[in-house]
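Reminder, nothing fancy here: chain letters follow the sequence lines and each chain counts from 1. Just so you know, these numbers use all the heavy atoms, side chains as well, and skip hydrogens, waters and symmetry mates.
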Amino acid sequence: MPKIIFVSADGVTREVAAGADQSIMQAALAAGVPGIVAECNGAAACATCHCYFDPAYAACVGEIGEQESEMLDFAASERTADSRLSCQVRVMAEMDGMTVRVPALQ
Amino acid sequence: MNRVVIVGAGQAGCSAALKLRALGFSGEIILIGDEPMAPYQRPPLSKAYLLGKTTAEALQIRPLSLYRDQRIELRLGCRVIRVLPHARRIETSTGSLDYDHLVLSIGARPLRLDPAIGGALGNVFTLRSIADVDLIRPVFSAGSRLLVIGGGYVGLEAAAVAAQSGLDVVLVEMADRILKRVACAETAAYFRALHAQHGVRILESTAVRRLDGNGTVARAHLSDDEVLATDLVIVGIGVKPDIALASEAGLKLGNGIEVDVFGRTSIEGIWAAGDCASFPYAGRRIRLESVPHAIDHAETVAANICGAHEPYVATPWFWSDQFDVKLQIAGLNANYDRVVVRRGGRPGAISHWYFGGDTLLAVDAMNDARSYMIAKRLIAAGITPDPKSVADAAIDPGLLLKAYAVSADRKRVSLAGEV
């Protein structure tokens with residue numbers, strides 16, 4: 001199982017063993033990572049699981065969807081080039097060691 | 001003793017339990033559910049789960065191990081029989097239990113079709129729990145003839161999934177149009193057309209007089225005298241809050257269990273949250289049936305049990321998925337007198353903005369997440385944009401937000417969110 005390292009806005013890190021068939025959001029919730037709300041539980045409808053992904057892993061993180069992109073424009077914390085809705089990113093074996101930063105506000 | 005007992009292990013109950021721990025509550029937390037499985041998400045039931053695209057395990061709100069780690073005791077398959085407020089005790093199917101605080105998050109139950117008109121026949125289903133969908137799935141197969149009763153969101157979602165699965169679908173709505181109770185005529189027209197494109201036959205101003213069949217439903221007799229051959233029926237005619245326990249306990253009721261802005265019921269030590277609770281909102285009392293509300297309301301109750309004395313400020317929003325359309329709704333459209341249509345930035349994107357007098361009340365956004373996100377912030381901040389700007393697709397919606405964000409300092413704080 002790949003290990004994902006979640007870093008909260010105040011710098012606290014937490015290493016999570018993510019299962020296949022999960023989204024990054026599900027892996028975070030299952031481990032009780034704070035700062036990810038996920039009100040819609042992965043329907044890409046609420047923009048409360050926004051995270052910043054390590055650009056070195058861009059290839060396995062994949063392409064952003066149109067709906068997702070529109071929502072990130074108005075997410076509660078600033079959108080950057082590394083922003084994604086973590087519910088729309090699938091866990092991949094190649095993500096072992098990847099850092100995901102959790103924003104201050106959702 | 002320092003014990004919180006939560007009755008009802010749905011989204012609200014689960015959220016209350018987790019939030020209590022997150023806020024540092026160190027006493028006992030006991031979460032009681034009458035279903036045998038761990039708390040699970042309901043929205044995918046009428047979508048991915050009915051389609052067979054996800055498993056029951058994947059619907060769990062949190063893995064079982066997390067409740068153990070958080071010292072939340074789950075009592076599943078346990079029915080609460082009685083609440084004894086003066087003794088601060090409940091009686092359950094597995095014994096009695098004392099509490100310091102009791103949270104009622106007992107949800108709502110689907111309305112059923114009267115057995116006198118065939119509601120008790122086989123293959124007549126409601127759609128509320130995993131058990132309901134597990135009963136539907138074996139007969140939910142391509143070529144089967146499905147009758148959906150009720151043109152609200154649950155009925156329309158079920159119809160969409162059925163059409164995608166190759167069933168032959170008829171949906172009947174007693175009112176003169178679908179979505180009558182929850183959306184404007186424009187939104188209803190959008191979804192009527194969408195369903196028609198996918199071969200769903202929608203009959204409005206049409207009621208089911210009775211269902212008949214030999215043990216299992218075979219025919220539906222409609223109010224226009226049409227007789228439909230049908231293999232299964234899904235009844236989506238709404239829910240009612242589950243108030244039996246609360247009523248017997250002597251709690252004040254009115255469209256559900258009445259709570260104040262803090263989530264307190266009329267009896268000391270008893271709280272209610274989620275679908276079952278009616279709460280003050282904008283000068284009236286409402287009940288909301290949605291996941292975001294269940295989470296937020298329950299978390300406010302958890303905070304107040306911990307002594308926060310924090311009023312609940314609802315920011316209602318909802319979503320629905322049908323075919324390739326994502327509908328996102330911000331606000332509550334009650335008492336609107338005008339709907340402004342706004343074309344979105346990509347093909348097929350459109351939003352409907354509800355105004356009541358001079359106030360923006362709600363927005364339905366179809367495949368138009370930008371409009372939804374902006375509207376949600378405007379409504380939360382109590383800011384109404386100029387309807388003419390809303391209707392002008394050439395005005396970037398981001399500008400709508402920015403223009404209003406700088407117009408008043410006080411409002412800017414709520415709008416900008418991150419400030």
Structural part of B:Asp368 lying under 4.5 Å from a heavy atom of chain A: both

- prompt: Stepwise, does the side-chain hydrogen bond (donor to acceptor under 3.5 Å, both in side chains) test hold for A:Glu39 with B:Gln11?
  reply: CA-CA 10 Å; A:Glu39 280 193 338; B:Gln11 182 74 61; over 6 Å; no

message: Counting only heavy atoms not in B:Glu57 (residues, nucleotides, ligands), do more than 12 fall under 6.0 Å from its CD?
response: no

Segment of A:Asp73 engaging chain B (4.5 angstrom heavy-atom cut-off): side chain

task: Might you work through the side chain to side chain contact (heavy atoms under 4.5 Å, CB included) test for A:Cys40 and B:Trp317, ending with a clear yes or no?
output: CA-CA 10 Å; A:Cys40 77; B:Trp317 76 273; 3.8 Å; yes

task: Using a cut-off of 6.0 Å, state whether more than 12 heavy atoms not belonging to A:Asp21 lie near its atom CG.
output: no

- prompt: Any idea which heavy atoms bring A:Ala45 and B:Tyr372 closest together, and the distance?
  reply: O-CE2, 3.7 Å

query: More than 12 foreign heavy atoms under 6.0 Å from CZ of A:Arg79: is that the case here?
result: yes

query: At their closest point, which heavy atom of A:Ala75 faces which heavy atom of B:Arg377, and how far apart are they?
result: O-NH2, 3.0 Å

field: Straight-line distance of A:Glu70 CD to B:Ile374 CD1, nearest 0.5 Å
entry: 9.0 Å

- prompt: Given a strict heavy-atom distance threshold of 4.5 Å, which part of B:Pro43 is in contact with chain A: side chain, backbone, both, or neither?
  reply: neither

- prompt: Relative to chain A, which of B:Ser290, B:Pro63, B:Ala58, B:Pro44 shows the most heavy atom pairs under 4.5 Å?
  reply: B:Pro63

statement: Sorted by chain and number, sequence neighbours left out, ring-ring contact (aromatic ring centres under 6.0 Å, His included) with B:His293 holds for B:Phe279, B:His297, B:Tyr312

task: For A:Gln67 and B:Arg346, run side-chain hydrogen bond (donor to acceptor under 3.5 Å, both in side chains): C-alpha distance rounded to whole Å, both residues' side-chain angles, the deciding distance at 0.1 Å, then the answer.
output: CA-CA 10 Å; A:Gln67 164 95 7; B:Arg346 50 187 160 117; 3.1 Å; yes

Evaluation steps, side chain to side chain contact (heavy atoms under 4.5 Å, CB included), between B:Gln328 and A:Met71: CA-CA 11 Å; B:Gln328 291 162 292; A:Met71 298 188 59; 3.4 Å; yes

task: Return the minimal non-hydrogen interatomic distance between A:Ala43 and B:Asp321, and the atom names on each side.
output: CB-OD2, 4.4 Å

- prompt: With chain B, which of A:Pro34, A:Cys46, A:Gly32, A:Gly42 has the greatest number of heavy-atom pairs at distances under 4.5 Å?
  reply: A:Cys46

message: Just to verify, what does B:Phe323 make a ring-ring contact (aromatic ring centres under 6.0 Å, His included) with, not counting sequence neighbours?
response: B:His195, B:His198

- prompt: Which residues, numbered in order, of residues 83-95 of chain A come under 4.5 angstrom of chain B by heavy-atom distance?
  reply: none

- line: If one checks every heavy atom of A:Ala31 against chain B at 4.5 Å, the contacting part turns out to be backbone

Which donor-acceptor pairs under 3.5 Å do side chains of residues 11-18 of chain A form with protein atoms, sequence neighbours excluded?
none

task: Identify the heavy atoms of A:Asn41 and B:Val291 that sit nearest to each other, and give their distance.
output: ND2-CG1, 4.5 Å

